[in-house]
J.: 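So that we are looking at the same thing, I have put the structure below in structure tokens.
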Amino acid sequence: MRVSRSLAKTLRQDPGEAETASHRLMLRAGMMMQVGAGVYSYLPLALQSIQKIEAIIREEINAAGGQEVLMPALQPLEIWKQSGRDVAFGDNMFHLFDRREREMVIAPTHEEVITLIATSNVESYRDLPLLLYQIQTKFRDEPRPRAGLLRGREFTMKDAYSFDTDEEALDVTYQRMRIAYRNIFRRCGLPTLEVEADSGAIGGKDSHEFIMPADSGEDTVLVCPTGDYAANSERAISVIFPAPESPEGELTLLETPGVKTIADLVASMGISEAQTLKAVFYAADNAIVLVTIRGDIDVNEVKLKNLLGVRDLRLATADEARSAGLTPGSTSPIGLTSIKRIGDPSIEQGNNFVAGANQDNKHYKNVNYPRDFEVDTIAPIGTSKAGDGCPNCGAFLDEVRGIEVGHVFKLGTFFTRTFGGDYLDDEGKLNPMVMGCYGIGVTRVLAAAIEQNHDDKGILYPAPIAPFQVHLVALNADKEEVSAAADETYAQLLALGYDVLFDDRLGESAGVKFNDADLLGLPVRVVISPRNLKNGVVEIKRRRAAESTQVPAAELSAAVAEALAKDEN
RNA sequence: CGGGGUGUGGCGCAGCCCGGUAGCGCGCCUGCAUGGGGUGCAGGAGGCCGUUGGUUCGAAUCCAAUCACCCCGACCA
């Protein structure tokens, strides 16, 4: 591609609306344009990267036995009613009416349709296992789209669905897909953590996320430095630090005027957070639930939601708490029997806690479980954090921020039971197929790649997903000998099979061209200039290297190959 | 949905308080010079001031409504 003929121009200044690195750089580099909140046009530079990512995905999923299909975004609401997921998705799904006033949706995902496909094509165990996938546009009316392609309302996703005879067969498929995913991210040149994940409301047993470490990420992952454990914080089960224990004291009421929070308690009594209990009240599908947990640990709402099996979970308002008999500021499980009470195991890790008294401006000291209060259920609902112990080896866990780019999980038989997805086994009996599902956010991978690979001058593409591999720059291109040599080099590189962006612009200064090259971040830059021509050399610089090297013009091909190879390590 | 903010040439912004018919930088076009890290000089093109309504002799500016977008929180690839 010749820059003189290319559509998009680079911007010298950062666009005002973009704060996140990938968003800012993609707009500056002329890769995309915003159409609406979370909705973008992909211009050639972005599209070519996306297509390279897709090509790698196709190769690996095909190698894993996948067959590519393409399903519609526009779907009748009916099938979503059938699965009940019209309610589950709620406002996150786009709805519309056709001319006959039939309600349609624009699909956020494709379990319903793929199950219908499998249901009408699979008859016996001889048709299984089956792995179907598509690369297609998803529509989700996100509550808050953000950061360009990191979280859009319209985005490209690779979604794969597997159908197996039973759980054991699904295990095999699931492991094969995990390996395919590792291959995909490795081949894209993108280091990715594979972590245990929450499988969500309909999820089955196993679930893993692929997380690209990046500060701008929305996920927090806990990783054991020994490498034997990695999990999303939504899901992580860690060993908590024990609180100091002492001989049990007598339950004593304290006057604590003005003390409303754990921080207040800690400050006024000179104790540690781990020597307190906090009681947090939630509205769970409109019932009030009281959660008691050690003061140094935060409630993990994902775990709590899963435990309660509710759809909506939020902190209750102070008024709701009062009408349930609680005293905000001094909330306590002590003496409380009227509402559902959940306890985290941390309330047994330590003793003689300070806790609320359910009376204004009063707390108790020497609170001990179960001597002084009861709960209905003890279950781990705390948030793991850095410094907790690894559940496998006890080492201190590290916390890493990252972007979720892939998710695999076992679905089980929910959809096949709903849509009659039965097959005949080798004894002639009907069984529901067992499903797995596997997603990669393709456009998000691009944004995450830039989050992970940039400096203050611009993007640093991993070579496999760069829109072009080589950025050929002609300096003083209006000089006859330069343009002739550059044209020749361009043809030569194309003939060698490289994707080349050729900056053939007349009249742009060297500085402009170099800065554009740094901004676009293609892995290898080749410079043709009067100076180099006089010396009989071409100049090669890797974007990631500080210095350029000069090689005889005849060795160009080998030098480019070597530079690209270096980049892939 | 709650909280905070912004809408003025392609991009970044000023002007708004205190109403008088829009300005700066970048980019773009033309010419001359320059020629290895956003080069210089000269000339030029380009704006329904988000939208609607109101106040006024007069509105980018004041009032009201509305729309859009961004950021922070609950959701997901």
Side-chain angles (χ1 to χ4, degrees), chain A residues 8-20 23-24 27-28 30 33-39 57 88-93 108-110 135-160 181 197-201 209-212 217-219 232 234 282-283 301-302 305 311-315 317 403-409 437-448 457-458 473-479 482 506-519 525 527-532 539 541 548:
Chain A
K9 297 182 176 70
T10 56
L11 300 176
R12 295 199 178 195
Q13 278 163 302
D14 287 333
E17 80 257 32
E19 309 219 337
T20 313
H23 189 197
R24 181 167 44 83
L27 291 173
R28 264 195 69 193
M33 288 182 70
Q34 181 169 37
V35 175
V39 180
I57 291 172
F89 270 94
D91 289 340
N92 268 24
M93 186 155 63
T109 178
H110 283 73
I135 296 176
Q136 189 258 10
T137 306
K138 295 282 181 276
F139 297 84
R140 295 183 186 176
D141 198 356
E142 293 285 342
R144 188 159 90 85
R146 62 173 285 268
L149 297 192
L150 277 184
R151 181 176 214 78
R153 295 195 297 171
E154 171 173 343
F155 61 96
T156 306
M157 176 159 132
K158 187 286 300 174
D159 44 327
Y181 270 44
D198 175 61
S199 47
E209 286 171 345
F210 290 77
I211 304 269
M212 284 184 50
E218 297 175 308
D219 285 272
N232 194 304
E234 293 173 348
Y282 282 92
E301 295 185 3
V302 174
K305 200 169 161 183
R311 236 171 58 72
D312 281 314
L313 182 75
R314 59 175 172 81
L315 286 171
T317 64
I403 301 162
E404 180 188 353
V405 288
H407 195 168
V408 299
F409 63 99
C437 92
Y438 317 89
I440 292 178
V442 177
T443 38
R444 182 184 279 181
V445 168
L446 175 58
K457 307 213 79 173
V473 177
L475 299 185
N476 308 329
D478 42 2
K479 290 208 164 94
V482 171
L506 307 176
E508 287 298 354
S509 70
V512 169
K513 293 192 172 190
F514 289 150
N515 278 298
D516 274 352
D518 288 342
L519 175 61
R525 187 183 81 189
V527 176
I528 307 291
S529 72
R531 199 172 77 189
N532 290 338
E539 183 180 331
K541 181 179 172 297
S548 62

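In what follows, chains carry the letters A, B, and so on, assigned in the order in which the sequence lines appear, proteins first and then strands, with residues in each chain numbered from 1.
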J.: Using purine N1 to pyrimidine N3 plus N6-O4 or O6-N4 for Watson-Crick, or N1-O2 and O6-N3 for G-U wobble, both under 3.5 Å, which nucleotide pairs with G31(B)?
T.: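 Check on G31(B): paired to C41(B), both distances under 3.5 Å.
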J.: In whole angstrom, what separates Arg24(A)'s CZ from C69(B)'s C1'?
T.: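 From Arg24(A) CZ to C69(B) C1': 19 Å.
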J.: Just call it for Asp14(A): base, sugar-phosphate, or nothing, with non-hydrogen atoms closer than 4.0 Å on any strand.
T.: sugar-phosphate
J.: How close or far is atom P of A33(B) from atom NZ of Lys479(A), stated in whole angstroms?
T.: 13 Å
J.: Write down the distance between CG (Leu27(A)) and C1' (C70(B)), rounded to a whole number of angstrom.
T.: 12 Å
J.: To the side chain of Lys457(A), which of G37(B), C76(B), C72(B) is closest?
T.: G37(B)
J.: Look at all strands and tell whether Val405(A) reaches a base, only sugar-phosphate, or nothing, counting heavy atoms closer than 4.0 Å.
T.: sugar-phosphate
J.: With centres under 5.5 Å and planes under 30°, do Phe514(A) and G38(B) count as stacked?
T.: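 Not stacked by the 5.5 Å and 30° rule.
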J.: Could you tell me whether the side chain of Arg444(A) has a donor or acceptor atom within less than 3.5 Å of a complementary atom in the base of C76(B)?
T.: yes
J.: Need the pair for C1(B). Rule: Watson-Crick or G-U wobble, both distances under 3.5 Å, any strand; none if unpaired.
T.: G73(B)
J.: For Lys513(A) and G37(B), what is the distance between atoms NZ and P respectively, to the nearest whole Å?
T.: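 Result: 14 Å.
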J.: I'd like the P distance from C28(B) over to A64(B), given in whole Å.
T.: 43 Å
J.: Does any nucleotide pair with A22(B) by Watson-Crick or G-U wobble geometry, both distances under 3.5 Å, and what is it?
T.: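 With both distances under 3.5 Å required, A22(B) matches none.
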